[in-house]
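Structure, as structure tokens:
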Amino acid sequence: MKLGLSEIDYRSLFDNMIDGLAYCKMIFDADGLPADFIYITVNENFEKLTGLKEAEGKKVTELIPGIRASNSELFEIYGKVSLTGKPEKFETYVQPLGRWFSISVYSPKKNFFVAVFQNITDRKEIEKDLESAKTAARNVLKDLEIEKKKIAETSAKEEAILAGIADGCIAVNEKGEIILINQTAQKMLGYTQEESIGKLWHEILHREDESGNPISPEKGAIRAALSTTTTTTTTTTTTTSSFYLRKDRTKFPISRTVSPIILEGKVIGAVNIFRDITREKEIDREKSEFVSLASHQLRTPLTGIEWTIELFSKKEKLTEEGRKYLDYIHYSAVRLSNLIKLLLNVSRIESSSMSVVSKPLDLVELINENMREHQALCDRGKISFIFSKHPQKLIATTDKNLIGYIIQNLVSNAINYTPTGGKVEMLLEEKKDSLQFRVQDTGIGIPKKEQEHIFKKFARASNASIVKPDGTGLGLYIASEAAKLLGGKIWFESDEGKGSTFFVQLPLMSPDRAGNKELVLEPK
Amino acid sequence: MSVQKIVLVEDDEVLSKVMYTELTDAGFEVSQAFDGEAGLELIRSKRPDLVLLDLIMPKKGGFEVLGELKKDPSTKDIPVILLTLLGEDEDIKKGLRLGANDYLVKSSHAVAEIIEKIKTFFSKESHPEGDQPKI
């Protein structure tokens with residue numbers, strides 16, 4: 001059977017196909033290389049797909065200027081196909097047209113070729129977008145991996161630090177469940193990480209006071225930290241003696257610091273850092289034993305000297321010369337005695353075992369008492385000593401010995417360093433939650449450049465050493481240490497040659513270190 | 001009035017001698033012991049009107065001596081004044097709790113003051129508060 005298709009039938013087929021079609025003649029140059037091609041005939045969709053009008057009879061280089069440069073492969077492939085007759089299929093981007101084409105090409109006879117093509121620009125765009133999306137996703141993944149690695153490194157570092165510190169560290173979440181216990185804490189308490197994580201802190205941390213009574217977790221610093229309502233961090237340091245029980249029920253003395261963990265104003269947990277202070281307590285005990293022994297051993301023969309002098313001067317008939325020598329001995333003995341007393345005070349103050357025993361007392365009365373003790377010294381130097389401004393009564397809960405050291409040292413300094421005929425004035429006033437007193441003198445003052453060192457141990461101003469060569473340089477040191485122990489401060493204003501004013505500010509309620517209270521440090 | 005008897009228990013030789021001299025001069029009859037054990041023995045044999053008792057001593061400390069005196073019905077009524085060196089609060093409280101009548105601080109008092117205090121102590125003893133003075 002023979003199919004009879006007319007030329008018109010072919011033409012209609014040709015024009016109605018979806019693909020573009022071009023029948024072309026290849027042009028070769030003198031060297032036989034493909035140089036150009038002429039469109040002999042094209043179908044209707046050719047114009048739609050390429051945007052090229054009236055192409056028939058024209059060279060491609062006329063129709064699409066720049067095509068040789070942008071698509072040299074087109075010439076090579078068409079040339080090869082029209083010579084060899086072997087069909088090819090390929091995709092290409094024609095830059096001057098800004099379009100992608102999928103092209104299949106074959107050769108019906110030598111030097112001629114037919115290109116059937118589709119515009120695949122939209123598909124290519126989608127492919128390109130997809131590729132960009134893939135790249136973006138890959139980049140995000142890469143970033144995530146870097147972040148993950150960073151976090152892993154940071155947490156490894158933190159874990160190493162926590163493991164490395166010599167203090168025990170336990171962190172709890174807002175419910176009080178243990179979320180972290182470092183190796184030191186595990187070793188000190190005898191619990192493993194597995195036994196601790198997820199437990200409530202007081203299932204692991206059992207605290208006792210000095211007499212062996214359990215301390216309720218409700219009264220402790222961790223509960224306080226978790227109940228923190230302010231947005232500022234308040235760190236609680238336990239200064240009183242307390243003990244942690246190990247898993248085997250043996251115990252050890254601790255010092256600890258508990259801080260709430262606050263995130264965006266909300267308490268999300270607490271950190272408890274603690275230390276075994278067995279050795280410190282031992283050293284403290286040895287030190288205070290040594291001090292009391294040494295002072296006892298020194299004071300006994302000294303008292304013997306003083307009493308013998310007393311007896312000697314009473315019982316013996318002495319020449320004037322002899323009495324003078326005895327006075328020298330007596331003077332030296334008194335100085336030695338004072339020095340021992342001061343050193344003992346320094347030692348007591350420096351030893352952390354020094355208990356601050358706070359009881360209510362009337363400051364006005366205490367100062368009056370002190371003034372009476374110094375009256376003789378003032379009379380000798382013709383110094384007027386007045387308690388010029390003070391309330392009728394000022395009751396403060398404080399340690400009598402410590403506040404006594406402060407008043408005693410400031411007053412005796414003021415008198416000792418004020419020239420004959422001068423004036424020493426004492427003022428006392430109550431402020432909000434605190435008391436302030438001032439000791440003002442018309443003395444020699446402290447030279448400007450020596451002022452910053454004046455509270456240091458054994459520090460003496462150069463002019464003070466001239467006026468009173470036998471001073472110890474301990475008085476102001478003791479006064480400032482005592483003020484610190486009471487939770488207060490001491491400062492001064494001084495003009496060399498005109499006088500000094502020392503200010504002392506103390507809380508009306510001093511911390512009691514003998515009781516079982518916890519000292520709350522200033523908010524960070 | 002008969003001569004009042006005092007037993008002085010003090011281990012430091014110089015302090016003891018000075019006090020002995022001054023107390024004797026003041027008219028008291030004084031016996032000395034230089035450690036706690038000897039002191040206890042002396043008190044038991046002498047039955048003094050007053051014991052002056054140092055705290056830190058060899059063989060037996062002052063607190064131990066005080067405790068034993070107060071435990072023994074035959075010596076528990078003998079008044080005891082403690083001789084402290086530095087006047088530590090802790091020591092004083094402990095001594096008074098154990099039954100001492102009073103205390104003296106050696107390092108902050110002149111001998112004369114101490115003798116004066118002992119005299120005052122005896123005058124109070126002979127005229128306890130509430131008693132009508134005898135005619």
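Below, read A as the first sequence line, B as the second, and so on, with proteins coming before strands; counting in each chain starts at 1. Both backbone and side-chain heavy atoms feed into the values below; hydrogens, waters and symmetry mates do not.
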Review point. When you look at A:Lys457 and A:Glu481, which way does the salt bridge (Lys or Arg N to Asp or Glu O under 4.0 Å) test go after all the steps?
Key: CA-CA 10 Å; A:Lys457 207 196 288 192; A:Glu481 291 299 301; over 6 Å; no

Check your understanding: Between A:Leu508 and A:Leu394, which heavy-atom pair has the shortest distance, and what is it?
Key -> CD2-CD2, 3.8 Å

Point to revise | Top contributor to chain B interface from A:Leu302, A:Thr303, A:Ile305, A:Thr308 [non-hydrogen pairs under 4.5 Å] | key: A:Thr303

**Study point:** Residues B:Lys60 and B:Glu68 bridged, charged N to O under 4.0 Å
**Key:** yes

Check your understanding: Between atom CD1 of B:Ile115 and atom OG1 of B:Thr24, what is the distance when rounded to the nearest 0.5 Å?
Key -> 9.0 Å

Check your understanding: Where on B:Leu85 is there a heavy atom nearer than 4.5 Å to chain A: the side chain, the backbone, both, or neither?
Key -> side chain

Revision key, fill the gap. Cut-off 4.5 Å, heavy atoms of chain A, and the answer for B:Glu22 is side chain

